[in-house]
Each structure stands twice: as C-alpha cells, then as structure tokens.
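Order of the sequence lines sets the chain letters (A, B, ...), proteins ahead of strands, with each chain counted from 1. All values reported here derive from a predicted model rather than from experimental measurement.
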There are 2 protein chains.
Amino acid sequence: MQTTGDQFLVKKINKSIVLEKIRTESPLSRAQVSELTGLNKGTVSALVGELIGDHLVYEIGLGQSSGGRKPVMLHFHKTAGYAVGIELGVTFILTVLTDLEGHIVAEQRLPLDVKQPDEVFERLVQQVRALLDRAPQSPYGIIGIGIGVPGIVDASGTILFAPNLQWESFPLKIKLEQEFGLPVTIDNEANVGALGEKQYGAGQTSDDLIYLSVSTGVGSGIILGGRLFRGASGFSGEIGHTSIEVNGRRCSCGNRGCLELYASEGALLEQAASMGIDSFDQLVERAEAGAPEALQLFRQTGEYLGIGIANIINSFNPGLILIGGQMVGAEAWLRNPVQRVVRQRSLPYHREGLEIRFASLKMHSAVLGAAYYAISAFLYKDRVTL
Amino acid sequence: MQTTGDQFLVKKINKSIVLEKIRTESPLSRAQVSELTGLNKGTVSALVGELIGDHLVYEIGLGQSSGGRKPVMLHFHKTAGYAVGIELGVTFILTVLTDLEGHIVAEQRLPLDVKQPDEVFERLVQQVRALLDRAPQSPYGIIGIGIGVPGIVDASGTILFAPNLQWESFPLKIKLEQEFGLPVTIDNEANVGALGEKQYGAGQTSDDLIYLSVSTGVGSGIILGGRLFRGASGFSGEIGHTSIEVNGRRCSCGNRGCLELYASEGALLEQAASMGIDSFDQLVERAEAGAPEALQLFRQTGEYLGIGIANIINSFNPGLILIGGQMVGAEAWLRNPVQRVVRQRSLPYHREGLEIRFASLKMHSAVLGAAYYAISAFLYKDRVTL
DNA sequence: AACTTAGTTTGTCGGATGTACAAAGTCGGA
DNA sequence: TCCGACTTTGTACATCCGACAAACTAAGTT
C-alpha cells in the first residue's frame with residue numbers, strides 16, 4: 001500500500017517547500033517566497049504563520065521597499081533546537097553540537113585507544129552527555145543524534161561489520177536511543193560525509209555527486225538526484241573493493257587488486273614504512289620539505305586514485321566528484337596526478353561538465369553530515385518530495 | 001520553481017495509482033483496488049469512472065462472490081492504443097508494434113548493410129511506416145514511438161556519439177517527430193533494455209537492478225529505486241569502459257584494460273578468429289558440439305564478466321543483476337564461471353539477497369523497453385510519483 | 001432471515017486559489 | 001514641499017475541488 005494523495009499530503013508538501021526555501025535562502029519576504037515557489041500569496045501567508053507558531057521561522061523586521069510597502073523579512077530560526085553529530089572513527093570519537101543550520105557551537109575530540117564495543121560505547125555515551133550539558137536553552141532542545149561509523153550498517157541501525165574496529169552485529173542505534181531517549185540516525189561514514197559536503201560543503205551545487213572517503217580504506221557516498229543512494233540493502237558505495245587489477249594482490253575482502261590496496265592511506269603508509277615513516281602526518285611533513293620519495297609516493301597514489309575515479313565517472317556519469325577523508329590533507333600533491341589520469345582514462349562526453357574537487361569541510365564532513373541527518377529527520381519528519 | 005501541491009496534483013497522483021494497479025494486477029474489482037491502494041471506495045469509484053471514460057479501463061463482467069454481492073471486474077484496456085518500439089542495431093533494425101501491455105502484435109527485422117546516417121534514417125522511416133499500416137483500429141491509435149540506439153544520447157534526443165555506427169550529432173528524436181508527428185522517446189540501448197526487463201522480463205521483482213548489455217561492447221542500464229538512473233548528463237552506465245587492468249591493453253576510448261576488452265562479444269570473436277571462427281553463432285555451435293577451445297573461451301569470458309559484475313555489486317549493492325545482449329545465447333556456459341567469480345570477489349553482505357540472472361526477453365529486451373518508454377510517457381503524461 | 005460484500009450517493013472537511021482590499025511604501029510633477 | 005498616482009506587501013473571504021466517512025442500495029451467501 002503506497003502513499004496516496006489527500007489534502008494533508010498537499011499541505012505537507014507545500015509546508016516543506018516553504019520551510020526549505022526560507023531555510024536555504026533567507027532572508028525572504030512572504031511575497032518572495034510566493035514568487036519563488038509559485039504558491040499563492042495567501043497560501044504562503046498561512047503556512048508561514050504555522051511555521052512561526054512552530055518556532056521554525058521568525059520575522060526579523062522590515063526590509064527595503066522596491067516601490068511599495070516594505071516587506072517583512074523572514075528568517076529560519078536556526079537556534080530553535082540543536083543536533084548532535086558524531087563521527088565514530090577507528091582511533092577517535094569526534095562529537096559536535098550544531099544549530100539547525102549546521103553551525104558548530106561545541107566540539108569535542110576524544111582519542112580512542114580501545115576497540116571493545118562496550119568500552120567504546122561507554123566513552124561515546126560520556127562524550128554525548130558532556131555535549132548535551134553544553135547545549136543552550138531552546139524551544140525544542142536537542143532534536144536528535146546523528147552518527148557516522150566506519151562500517152556497514154543495516155536498515156535497523158545495527159553495525160553489521162566494521163573491519164577496522166573489529167566489530168560485528170552491534171545494535172548501536174537502539175542502544176543510543178535507549179540511553180538518551182532521542183531519535184538516532186546512523187549510517188556509514190562515507191554516506192554521512194557525502195551528505196555533509198552536499199549540504200554544507202563543496203557539494204551544494206550538484207545533485208549527482210560521489211563523495212570518496214579516502215582514509216585507511218576507500219569508501220564512497222553516492223548522491224543521485226539529490227538523494228543518498230543506499231542500494232538494495234543499504235550497503236552501496238564500497239568502491240575501495242572494486243578490482244582494478246585482475247591478478248593484483250589479494251585483499252582481506254577476498255577479492256584481488258582492490259582499489260584501496262593502491263590508493264588509500266593504508267597503502268601509502270605501507271610503502272612509506274621503508275622510508276622510516278609511520279604516520280600520515282610525517283609523510284605530509286616530508287612532502288612539504290620537498291623529499292622526492294614522499295612526492296613520488298603521493299604522485300603514485302594520485303594516479304591510482306585517478307583510475308578509480310575514471311571508473312566511477314564512466315559508470316555513474318556524476319556531475320561532481322569530491323575527494324574527502326584523511327587524504328584531503330595531501331590535496332596539493334594529489335590534485336594534478338588525479339586530474340591527469342582522469343583526463344586520460346575517462347570518456348570525453350562524461351568529462352564535460354564534470355568537476356573534481358576536494359572536500360571543503362575537511363575533517364568535519366562526516367560529523368556535519370551526521371548532524372544534518374538528524375536535522376533533516378526533525379525538520380522534514382513526514383516530508384514528501386516530488 | 002518546483003512542483004507544489006494542490007488538489008489537481010492529488011488527483012493526478014491517485015489516478016495514476018489506480019491505473020497502475022489495474023494495469024499490473026487486473027482483473028480487479030473496485031473494492032479490491034480500494035483495499036490495495038488504501039484509497040476510499042468512493043474515490044476509487046470516481047477515478048475508475050474517469051478511466052473508463054478515457055478508454056483505459058473497462059468492465060469485463062461479474063466475478064466470483066465471496067459471500068456477498070458479486071464484484072464487477074475491471075481490466076486494463078490494453079488495446080486502447082499501440083506503441084512502436086525500435087532497436088537500432090549496428091547490423092539490423094528491429095521494429096515491433098505492441099499493445100499497451102507490451103505484447104507484440106507485429107514485428108519486423110531488417111538487416112542493415114549501410115551506416116550513413118541519412119541512409120539508415122530512410123530505412124528506419126520505411127520500417128516504421130510499414131508497421132503503422134499494420135496497426136489495428138483503436139481509440140488512441142499509435143500513442144508514440146520509442147527507440148533504443150547503440151550510442152550516447154543527450155537530453156534533447158540527439159545521438160551525440162555512436163562509435164559502432166560512426167555517427168556523431170544526429171538529431172534523431174526531432175527528425176522522427178517531424179516525420180511522423182508522434183511523440184518520440186529515445187535512449188541508449190542498454191537503458192531501454194533495462195527498462196524492458198524491469199517491466200516485462202526478469203527484472204519485475206527488483207527495484208534496484210543493473211542490466212548488463214553484453215554485445216559488441218558492454219553497456220549497462222541502471223535502475224535505482226525503481227527509476228532509470230541517467231546520470232548528471234544522461235550518459236551513465238558505460239561499465240564496459242571501466243578499467244579492470246591498470247596496465248592492460250589500450251582501448252579505443254583512451255583508457256587501458258577496459259572490461260569490454262576482456263568480456264564482450266568483440267573480445268570473444270577476436271580470440272575465436274584463430275580457431276577459424278568468425279561469428280558468434282558459429283562459436284555457440286562449436287560449444288554445443290563440446291569443442292574444448294570454445295568451452296574454454298566462454299569460461300574465460302564468464303570469469304572476466306564475473307569480475308566486472310563483482311565490481312558493480314560492491315559499488316551499487318543492487319538487488320539483481322541481469323545479463324543481456326547477444327551474450328544471453330551463451331548462458332549455459334557463462335552461468336557457472338560468472339557465479340563462481342562473483343562468489344570469490346564480491347563482499348559477503350552485498351552478496352546476500354542478490355540474484356544474478358540472464359535477461360528473459362532475449363533479443364526483445366530493448367525493443368520492448370523502447371515501446372514501454374513510449375507507453376509510460378502516454379499513460380503517465382503528467383504523472384507524479386512519490 | 002441474518003449476514004456479507006460491492007458499489008454509489010451524500011454531506012463534510014481541509015486546503016489551495018483568486019479577488020478584493022487595507023496598509024504602507026515610492027515617485028514625479030506642480 | 002506637498003499631493004496624487006501607482007506599487008508592493010500581506011490579509012480576508014468566498015469558492016472550488018477532491019478525498020473521506022457514513023449511510024444506503026444492490027445482490028449475493030449461509
């Protein structure tokens with residue numbers, strides 16, 4: 001039984017449209033909203049009235065006249081509530097408190113030296129609790145918790161498998177909801193990163209974008225037609241485990257020649273070990289100092305990354321590719337080799353109108369995406385998009 | 001200015017839902033439609049009344065009573081109009097006339113020995129004209145022409161590039177519309193093939209499926225969330241030109257180690273040449289006779305295909321992979337190697353709930369998909385889906 | 001006769017729309 | 001500087017449309 005149409009549906013649609021416009025393009029007057037959306041002036045008036053009652057919109061005062069009565073300018077009420085965004089990393093927990101526009105009002109980073117699920121969960125809870133204490137008063141208070149994790153998550157919010165944490169079947173969503181009594185949204189780190197960049201970062205211009213999260217491994221978040229594409233079971237985007245070398249090295253996943261064996265932080269450090277380097281930051285320092293081996297290593301990584309990206313371009317024909325994760329720190333040395341290889345290997349028509357950029361939120365793509373997840377779940381609870 | 005909601009939108013949505021239900025699950029009574037859709041009985045009555053007035057639904061008579069008044073059974077009026085479906089191949093033009101349920105009522109196949117755009121276009125027009133003459137009388141007559149082509153098509157219906165036909169920038173849609181004064185829909189052969197299998201063939205069960213068209217090259221049609229995904233500019237699905245071998249052979253596309261150099265009819269025939277074989281059918285004959293070299297060739301092709309498919313699975317997490325194109329003729333020898341390699345190389349969670357099948361419409365996937373394109377454009381002109 | 005099921009009719013309700021209008025401006029000319 | 005003409009903003013009100021619930025008719029079964 002699918003969603004059918006009735007008057008309530010119509011109202012939900014229109015109210016969402018009005019809120020969305022004000023949220024993304026404020027300040028706006030009622031008249032401008034009517035103009036921009038095509039909705040009747042009276043309709044806009046009524047809906048804005050409700051949104052003001054909902055504390056989601058407020059009047060900021062009079063604007064400039066353009067030859068007639070002065071307009072009443074409307075703003076999105078970004079402090080009507082706050083969201084918690086979490087990135088559960090392999091070696092850290094990053095938590096932020098944001099307003100409804102995704103501005104960070106508090107931030108905490110806790111290094112992680114343990115991996116046991118229950119231990120980690122306890123620290124996670126502590127972090128969130130500390131953050132909640134710092135939340136300002138607001139009409140709605142904390143509206144939800146969003147979290148990105150380094151693993152595969154099913155529809156019920158259970159982490160099925162997180163290789164780098166060595167977790168299996170951990171019902172994180174349910175446990176967090178029980179702990180805090182707040183709505184919890186959870187997804188793969190690459191998916192929330194994609195969402196973050198699309199909403200607040202370098203991805204705002206494109207509706208068909210692929211966010212590549214290049215860290216220990218290579219994951220991706222796929223946004224098609226403006227929406228996150230999760231695949232049939234919610235596991236889409238494991239681009240790090242596509243094979244680019246039929247008889248390449250064996251990967252822990254069972255496949256051979258996986259992209260992330262050649263183009264990831266893990267692959268990079270493995271090779272850098274022979275140079276006596278054991279962290280990404282060290283390697284970046286060397287490159288900054290102009291060490292040829294370091295530069296060569298980055299160039300090679302960029303080239304492999306370009307191969308993976310060309311494959312994505314030919315398959316998906318996205319409008320934008322965003323490179324994120326740890327690897328954004330090496331943008332200076334990666335940019336050219338990536339671009340060159342993509343130019344060589346992708347199809348000409350696909351390349352037209354395509355952009356390749358680096359994530360602009362840097363280390364915050366995922367936390368902000370996670371927070372936005374919670375925010376959009378709150379703002380558009382029963383939203384219907386056409 | 002986006003689509004906003006009003007009463008007309010509601011009606012369009014509901015009318016589409018009712019028609020869709022009757023079209024796909026007839027015979028149904030009004031009461032059953034109400035039950036299945038969740039729409040009020042009165043609403044269904046009114047909408048069915050209109051659909052009957054539109055000649056799209058008719059009453060077939062009384063059905064079985066289940067303890068009360070006998071229901072009036074409704075049927076989709078599949079002969080209210082006819083659609084033309086065309087597959088423009090490299091060596092042939094296949095045209096069909098179908099009713100609105102996609103049943104073929106007339107079919108023509110013309111071998112093509114020319115490639116010049118104007119020549120081909122002329123023959124195409126002749127074929128269509130001959131088909132139109134054979135169309136039965138019906139309330140709507142011919143409702144549209146759908147066509148699948150072996151190349152890249154832009155949003156305006158221009159064939160930008162068709163390598164195997166050696167065409168560039170040919171405005172096929174506009175020319176056909178001028179010629180026949182009928183609505184024309186046009187898309188890549190793999191995309192219409194995907195649509196055909198999804199609608200009438202082996203893909204009816206899945207909303208996230210990838211149709212692999214394995215013929216001279218390897219293309220794909222990607223259906224996500226029940227809709228065809230075209231990419232940012234409409235060129236998605238060139239999976240044949242994803243690289244599976246970094247330093248593999250050069251491909252005409254500029255890339256190296258492209259999948260279709262290893263797993264396509266073209267690749268197969270190239271290798272079969274040394275056996276004195278120069279057509280796909282000959283190779284199949286040999287395999288049927290049990291010739292070890294032929295069997296080995298198919299096995300190898302299946303293995304490479306499996307590698308490409310594993311990459312697709314890990315990237316997209318589809319619910320179903322359909323193998324179509326010429327290669328369906330070799331299902332018997334391909335099935336096992338493909339399955340084996342996919343089992344070895346795809347991620348376990350992605351493999352769960354995934355099916356790999358061969359296209360069930362065989363050579364008709366594309367024509368029927370093309371016809372369905374035209375049919376759905378007619379039935380759901382201003383449809384809005386939620 | 002009592003109960004079921006199918007389908008229609010009728011009145012109600014919610015929400016978008018168009019029109020009219022009041023409020024509050026701008027602007028140009030005397 | 002003042003005044004009248006015109007603009008723009010936002011609200012009020014009557015109307016229309018379509019879904020819905022409930023009552024009702026029709027036609028069966030048990």
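Comparing C:dT17, D:dG18, C:dA22 by their nearest atom to the side chain of A:R69 picks out C:dA22. Between D:dC20, C:dG7, C:dG15, one nucleotide has an atom nearer to the side chain of B:P71 than all others, and that is C:dG7. Side-chain atoms of A:D6 lie closest to D:dA19 of the nucleotides D:dA19, C:dT17, C:dA6. Of all nucleotides listed (D:dT29, C:dA6, D:dA19), D:dT29 comes nearest to the side chain of B:S65. Closest to the side chain of B:K11, from the set D:dG10, D:dG18, C:dG7, is D:dG18. For A:L62, taking side-chain heavy atoms from C-beta onward, the closest of the listed nucleotides D:dG28, C:dG25, C:dA16 is C:dG25. With D:dT11, C:dA6, D:dT9 as the candidates, the nucleotide lying closest to the side chain of A:S45 is D:dT11. Of the candidates D:dC17, D:dG10, C:dG15, the closest approach to any side-chain atom of A:A31 belongs to D:dG10. With D:dG28, C:dG7, D:dC17 as the candidates, the nucleotide lying closest to the side chain of B:F8 is D:dC17.
If you check every strand for non-hydrogen atoms under 4.0 Å, A:V44 touches nothing. Residue B:S66 is in sugar-phosphate contact alone, with no base atom involved, counting any heavy-atom pair closer than 4.0 Å across all strands shown.
In this structure, the CG atom of A:L39 is 8 Å from the P atom of C:dA16, given to the nearest Å. Separating the CG atom of A:L28 from the P atom of D:dT9 is a distance of 12 Å, rounded to the nearest angstrom. Per the geometry, CD1 belonging to A:I17 stands 13 Å off C1' belonging to C:dA16, to the nearest Å. In this structure, A:K12 places its NZ atom 11 Å from P of C:dG15, rounding to the nearest Å. The separation between B:I52 atom CD1 and C:dT8 atom C1' is 13 Å, rounded to whole Å. Taking atom CG of residue A:L9 and atom P of nucleotide C:dC13, one finds them 21 Å apart after rounding to whole Å. Rounded to an integer number of Å, the gap from CG of B:L74 to C1' of C:dA6 is 11 Å. Summarising the geometry, the separation between CD on B:E35 and P on C:dG7 is reported as 13 Å, rounded to the nearest angstrom.
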Exercise. Hey, mind stepping through A:E20 and A:L379 against side-chain contact (heavy atoms from CB on, under 4.5 Å) and telling me if it holds?
Worked result: CA-CA 9 Å; A:E20 175 79 4; A:L379 291 180; over 6 Å; no
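The distance from the CD atom of B:Q204 to the NZ atom of B:K198 is 8.0 Å, given to the nearest 0.5 Å. Distance check: A:E197 CD to A:Y372 OH gives 14.0 Å after rounding to the nearest 0.5 Å. With rounding to the nearest 0.5 angstrom, the CG atom of A:L19 is 11.5 Å from the CG atom of A:L74.
Each of A:T43 and A:Q7 was assigned the nucleotide of DNA chain C with the nearest heavy atom; the assignment lying further toward the 5' end belongs to A:Q7. Between A:G42 and A:G68, it is A:G68 whose nearest contact on DNA chain D lies nearer the 5' terminus.
The side chain of A:N40 contributes an N or O atom lying less than 4.0 Å from OP1 or OP2 of C:dG18. Close to C:dG15, at under 4.0 Å from its OP1 or OP2, lies no side-chain N or O of A:N14. Between A:R30 and D:dT11 there is a side-chain polar atom (N or O) within less than 4.0 angstrom of OP1 or OP2.
Interface remark: the B:K41 side chain does form a donor-acceptor pair with the C:dG7 base, using a distance-only criterion of under 3.5 Å.
For the pair A:L132 and A:F180, the minimum side-chain heavy-atom distance is below 4.5 Å.
The side-chain contact (heavy atoms from CB on, under 4.5 Å) test with A:P136 singles out one residue from A:D99, A:L97, A:T79, and that residue is A:L97.
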